[in-house]
Protein chains: 2
Amino acid sequence: MKARSQHQDEQHLTEQLGATGLRLTPQRQQVYDVLRQKRDHPTAEEVFIRAKKQMPEISHATVYNCLDALVKSGLARQVTVDRGATRFCPNMVEHGHFYCDSCETVYDVELPTELTGVVLPEGFQAGRYEIAIHGTCAECAKKK
Amino acid sequence: MKARSQHQDEQHLTEQLGATGLRLTPQRQQVYDVLRQKRDHPTAEEVFIRAKKQMPEISHATVYNCLDALVKSGLARQVTVDRGATRFCPNMVEHGHFYCDSCETVYDVELPTELTGVVLPEGFQAGRYEIAIHGTCAECAKKK
DNA sequence: GATTATTTTAGAATTATTCTAAATCTTGAC
DNA sequence: GTCAAGATTTAGAATAATTCTAAAATAATC
């Protein structure tokens with residue numbers, strides 16, 4: 001994990017958002033920081049709760065707005081592994097997600113193989129790939 | 001696509017549900033039929049609307065219950081490609097999903113390559129893999 | 001045929017997300 | 001600097017998606 005200085009970080013955010021026609025605001029910065037501080041794939045609601053600690057006036061709608069802005073600008077990924085709330089992930093390095101069906105925790109997993117050879121129908125344009133592996137995590141496997 | 005006779009179909013459902021400790025009920029049959037009749041990855045709400053045509057007394061909660069039963073018994077798959085309602089798919093042959101970010105349609109896609117080589121952390125047990133490809137479908141690509 | 005377990009039902013309740021309209025902030029033009 | 005235009009935030013309402021509840025219906029077991 002490359003550490004970025006506060007300044008580099010801010011510049012990175014400004015650039016990425018700017019390229020999408022969006023501004024860097026204190027709220028967006030805050031939401032991004034929350035995602036980076038604890039990479040446990042929180043839901044929007046969880047991000048809201050955490051962001052509120054530093055910025056008590058932040059509103060629900062703003063958190064959704066900020067998360068959308070970050071996703072649109074390529075600063076975060078939306079993770080939808082199950083019914084229920086969407087989760088968010090600031091790890092933009094190519095990776096997949098392991099979802100424990102038992103404790104519902106999401107883990108990042110490396111994807112050593114490129115997913116080549118998927119033949120799409122004529123005219124379809126692929127953007128990103130989302131790989132989710134469902135199963136049981138080590139903790140939960142032990143308990144059984 | 002192998003066609004199954006009415007009888008084989010019913011027997012298949014009974015077996016699969018039975019193995020999970022569940023019964024085949026008229027409602028579960030109906031919901032399954034809806035999924036098979038039009039394989040467009042409907043949401044629970046859409047399944048409800050379609051099921052109602054044949055079985056007007058069926059309730060909302062029952063559709064959710066039936067869909068859960070089918071998923072648990074390996075008769076259908078849950079497809080979660082985006083925020084918003086979960087979709088359902090009765091195609092149990094290994095395949096991935098293409099999601100058009102523009103028109104929000106889901107397409108089944110073949111997966112010629114086995115997704116081998118994903119190294120999970122010690123003790124993690126993989127169940128199924130879910131591969132989703134986001135992008136633009138042929139129709140939507142033309143419009144731009 | 002009574003008992004028990006499963007399933008369905010309608011509707012309420014909960015959760016997740018989006019919308020709305022007003023207030024605030026930024027930015028660029030003058 | 002000041003103003004207008006546009007972007008963003010806010011609180012709260014509205015909507016959408018899903019789950020829960022308790023009673024009634026159905027089916028399986030003894």
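Labels below follow one simple rule: chain letters A, B, ... track the order of the sequence lines, proteins then strands, and each chain is numbered from 1.
Regarding B:Lys52, its NZ atom lies at a distance of 10 Å from the C1' atom of C:dA10, rounded to whole Å. Atom CE in A:Met55 sits roughly 12 Å away from atom P in D:dA11 (whole-Å rounding). Regarding B:Leu22, its CG atom lies at a distance of 12 Å from the C1' atom of C:dA5, rounded to whole Å. Counting to the nearest Å, the P atom of D:dT9 and the CZ atom of A:Phe48 are 14 Å from each other. Between the P atom of C:dT17 and the CZ atom of A:Arg87 lies a distance of 11 Å, rounded to the nearest Å. Atoms CZ (B:Phe88) and C1' (D:dT18) sit 10 Å apart, rounded to a whole Å. Atom pair B:Gln78:CD and D:dT18:C1' shows a separation of 11 Å (rounding to whole Å applied).
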Exercise for review: Check the pair B:Thr136 / B:Lys143 against side-chain contact (heavy atoms from CB on, under 4.5 Å), numbers first and verdict last.
Suggested key: CA-CA 11 Å; B:Thr136 314; B:Lys143 287 180 196 156; over 6 Å; no
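Between A:Thr86 and C:dT17, a side-chain N or O to OP1/OP2 separation shorter than 4.0 Å is present. Contact check, B:Tyr64 against D:dT19: no side-chain N or O comes under 4.0 Å of OP1 or OP2. For the pair A:Ser59 and D:dT9, the criterion of a side-chain N or O lying under 4.0 Å from OP1 or OP2 is not met. In terms of phosphate contacts, A:Thr25 brings a side-chain nitrogen or oxygen within less than 4.0 Å of OP1 or OP2 of D:dT9. Distances shown here put a side-chain N or O of A:Arg83 below 4.0 Å from the OP1 or OP2 atom of D:dT19.
A salt bridge links B:Arg50 to B:Asp40: at least one charged side-chain nitrogen sits closer than 4.0 Å to a carboxylate oxygen. The pair A:Arg87-A:Glu46 fails the salt-bridge criterion, with no side-chain N (NZ, NE, NH1 or NH2) lying under 4.0 Å from an Asp/Glu carboxylate O.
In the set D:dT10, C:dT17, D:dT9, the nucleotide with an atom closest to the side chain of A:Cys66 is D:dT9. Comparing C:dA5, D:dT18, D:dT10 against the side chain of B:Arg23 picks out C:dA5 as the nearest. Side-chain proximity of B:Ala61 to D:dA17, C:dT17, C:dA10: nearest is C:dA10. When the nucleotides C:dA16, D:dT9, C:dT27 are ranked by their closest atom to the side chain of A:Ala85, C:dA16 comes out on top. The listed nucleotides are D:dT8, C:dT8, C:dA10; the one nearest the side chain of B:Gln27 is C:dT8. In the set D:dT10, C:dT17, C:dT7, the nucleotide with an atom closest to the side chain of B:Asn65 is C:dT7.
Nucleotides of DNA chain C nearest to A:His60 and B:Gly21 differ in position, and the one nearer the 5' end is that of B:Gly21.
Panel note: side chain B:His41, backbone B:Val106; a donor-acceptor pair is recorded below 3.5 Å.
Considering A:Val63, A:Asp68, A:Thr62 in turn, A:Thr62 is the only one that fulfils the side-chain contact (heavy atoms from CB on, under 4.5 Å) rule with A:Cys66.
At the heavy-atom level, B:Glu45 lies nowhere under 4.0 Å from the strands shown.
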